[in-house]
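In what follows, a single structure is set out as structure tokens and then discussed.
Counting starts at 1 for both ligands and their atoms, in listed order. Remember, it's a predicted structure, so these values are computed and weren't measured experimentally.
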Amino acid sequence: MAQFTRVSGSVGLISLKNPPVNALSAVVRQGIVDTVQRALSDPKVKSVVICGQNGIFCGGADIKEFGTAMSGPPLVPMIHAIEAAEKPVVAAIEGLALGGGLELALGCHYRIAHSKARLGLPEVSLGLLPAAGGTQRLPRLIGVPAALDLITTGRHVTAAEALKLGIVDQVTDHNTVDAAVKFALSVREHSLNARRISNNLCPPPSDLDALFEGAMQKVRQTARGAVAPVACVQAVRAAATMPYTQGMEREKELMATLFTSGQARALQYCFFAQRAVGRWSMPSGARWDTSKPRPIHKAAVIGLGTMGRGITVALAQTGLSVVAVETQEKQLMEAKQAVSGMLKRGAKRRGVAPVLDLVSYNCNLQAVADADLVIEAVFEDMDLKKKVFQQLSAVCKPGTLLCTNTSALDIDHLASQTPNPELVVGMHFFAPAHVMKLLEVVYGSRSSPQVVATAMQLGKKMGKVSVAVGNCRGFVGNRMLKPYMEHAFFLLEDGATPELVDQALEEFGFAMGVFRMSDLSGLDVGWRVRKEDGLAHPGMALGQAARVRQGRRYSPLADLLCEQDRFGQKTGMGWYQYDKPGGRVSRPDPWLHSFLEEYRARHGLVARRIDHQEVLERCLYTMINEGFRILEDGIAAGPEDIDMIYVFGYGWPRHRGGPMFYAGMVGLERVLERLEHYHQAHPDVPYLQPCNLLRRLVASGSPPIHRWREVIKKVRSQL
Ligand code: NAI
């Protein structure tokens, strides 16, 4: 709702009230309409201030109302009425003015912001555009280039930047409402014509066509198939080239197309799913709201390679003191230099002092004796990790949490090396660990809820999206990656090239196709694992049974490349060629193409034409099928957990909602039918066999994703 009072004799003060962020729900909109009318018809009121209660102006539309039937007064005429008022209206912006909140402020004649306020139009991140005049007023106020930047990226700006751009008229360090009331008193006699933004033209940019062409190119490159940023550019173009009323029509049209697009649904699903994964639960019944995290004051990291360095930086940036341990003196010195560099660069970006003193470096494991939590990040080698866990148990004070960053190894087996398995948990970071948003928190069969709660909370402090998952080979992310990659290799055997497969996946929206990703992370990583699993050793790839392992289809292509030291970017060649070892620009490699031809000829394989649809279906549906198995096994609590892991850790396009959401969009029946089709064609690939849960969901009429849990429960209870 909105409350009205008269202050300082002649100022009508309208205060929005809808905790926590004063979102513009139907009741709030009605409240604004009523109180504005009251203020305008009260002869004692000469000017008006609009503010929000509890230190927040307005967080924007009420996202809970999306997708429901519209009720209450619409935003556009409400903002129009404010702008058309004959009494000056001042927005007093504290805390946040986002989305519809900023559009409301743009309808006011003046804007005063507190120095700590943040402003922005983040609609694009929900697959929409600011459709209450935001795309038409902002460019008229601050010019096309700055408006394009804010609207197409959805980024928030500080009050200082807003003042510089001309979004606000004044910034105060003191009480914003008092300052706005004082300001309202001072402008009560002023003419308002020039203050009505919709009356003005956009400041003319020098070369309009070139500007919009550049903007369109930029969003097409970065948005990877997302439609909302493109519509945002089109709406701003309307502001620059059309009268205001026509521009508003265009804004409305574009919004209508976005509202019904699957992308907006996917992005809104992600918005809620990201919040839902924080409310974790374990099969034992332990939950986020009943498990209290332990206080952590001092952390330690063991092994300062690629991952350990990033983890050290992420921990120190939360303000924790960190002991960083590496056995070799030379490695330790290199790591110290690298960590300090990352901390300095991060601090510069955030405009704060680097926290170099929080990290101490040591070659001796004894140095971690008083840490509250230790994260092990030594080589992916079970024997080595077991030894480290045994040593840690002997060295650490009682009650220290022992965490491992293993990508796939058995948490229970590691926990069994310590006298307190309940204190052991996986904290699976993604490279680079101080940048990537995902953290898989892997609980073993004996991990205590308190320990899981502590790891989840620490993840949150580091700014990560933490997802609690059960213990199995590869956990959730890497377990699903295996069939995805395996299918990409099979596609090469069947006639595709790395370029074709990557192009299909990149056009789908992945940040990187599977082969480019494999070149970046290094082919040797998977090779080592396959060798340990007895799947690959020299000579095996050439023998009689080269394409069969353990009774199922196997592709030795990646092993053959590794045997030739083609490890990807680091060696300058892998699935692609690079100009030098460490080079980043990939080029198709004629050598690889003839190698594939020879390989097919040797194994009697006849190359056939593979199209993008087959690539997507075989790679993505097998991955999705494994996702259903993970749900069936209880390794992930719900589809949202899997989807957030893929969006934040594996470059899955957010506007497609994650693999499980995508399956629902495609239609579960269709996914099942295609899996059955491919399984018939390739009976030696068990990953293609549709899993029980998928069949049960289809048999239950393919319920929407938020109702899958009911079917999952039934399937699990029968296992
Ligand atoms: P790395 O090879 O870059 O670094 C491992 C470091 O551990 C080396 O600096 C080594 O000197 C040190 N080390 C070995 N034994 C030690 C001991 N006893 N005490 C102290 N330090 C010791 O390996 P990376 O890539 O950092 O991987 C570490 C762990 O993180 C592995 O378990 C890996 O599976 C996992 N991981 C790796 C990811 C990646 O993208 N590289 C992603 C997620 C997890």
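No heavy atom of Gln328 sits closer than 4.0 Å to any atom of ligand 1. Ligand 1 has at least one atom lying under 4.0 Å from a heavy atom of Ala377. Under the 4.0 angstrom criterion for non-hydrogen atoms, Glu376 is not in contact with ligand 1.
Scanning the protein for heavy atoms near atom 19 (N) of ligand 1, the closest one is Thr327 CG2, 3.5 Å. Scanning the protein for heavy atoms near atom 40 (O) of ligand 1, the closest one is Ala431 CB, 3.5 Å. What sits closest to atom 9 (O) of ligand 1 on the protein, heavy atoms only, is Glu326 OE1, 2.8 Å. From the protein, the heavy atom lying nearest to atom 43 (C) of ligand 1 is Phe429 O, 3.1 Å. The protein non-hydrogen atom at the shortest distance from atom 16 (C) of ligand 1 is Val378 CG1, 3.4 Å. Looking at atom 4 (O) of ligand 1, its nearest protein heavy atom turns out to be Gly305 CA, 3.2 Å.
Residue contacts with ligand 1 for Glu380 involve both N, CA, C or O and side-chain atoms from C-beta outward (heavy atoms, distance under 4.0 Å).
Between the side chains of Asp412 and Ser445, a donor-acceptor pair is found at a separation under 3.5 Å.
Between Tyr650 and Phe430, the distance separating the two ring centers is shorter than 6.0 angstrom.
For the side chain to side chain donor-acceptor pair (under 3.5 Å) test, no residue two or more places apart in sequence or in another chain qualifies with Arg446. Scored by the side chain to side chain donor-acceptor pair (under 3.5 Å) test, Glu532 finds no partners at all (sequence neighbours excluded).
Here the side chains of Leu392 and Thr418 are not in contact, with every heavy-atom distance at 4.5 Å or above.
The distance criterion of under 3.5 Å between nitrogen or oxygen atoms is met by Lys385 with respect to ligand 1. The shortest N or O to N or O distance between Gly308 and ligand 1 is not under 3.5 Å. At a 3.5 angstrom cut-off on N or O pairs, Thr306 counts as close to ligand 1.
Ring geometry, Trp652 versus Tyr646: the interplanar angle exceeds 60°, so the pair is classed perpendicular (tilted spans 30 to 60°). Using the six-membered ring where Trp is involved, Tyr576 and Tyr578 have ring planes that are perpendicular, over 60° apart on the 30 and 60° scheme.
Atom numbering of ligand 1 starts at 1 in the shown order; those under 4.0 Å from a heavy atom of His428 are 43 (C), 44 (C).
For atom 26 (O) of ligand 1, the nearest non-hydrogen atom from the set Arg309, Lys330, Glu334, Met307 comes from Met307. Of the candidates Ile302, Asn405, Leu384, Leu384 brings a heavy atom nearest to atom 15 (N) of ligand 1.
Taking a 6.0 Å sphere around CD of Gln337, one finds it holds 12 or fewer heavy atoms contributed by other residues, nucleotides or ligands. By the 6.0 Å contact criterion, NZ on Lys570 is enclosed, its count of non-hydrogen atoms from other residues, nucleotides or ligands being greater than 12.
In this structure, Arg479 is not positioned above the aromatic face of Phe475 in the sense of NZ or CZ being under 6.0 Å from the six-membered ring centre and within 45° of the axis. For the pair Arg516 and Phe510, the cation does not sit on the ring face, since its NZ or CZ is not both under 6.0 Å from the ring centre and inside 45° of the axis.
For atom 23 (O) of ligand 1, the protein comes within 4.0 Å by no heavy atom at all.
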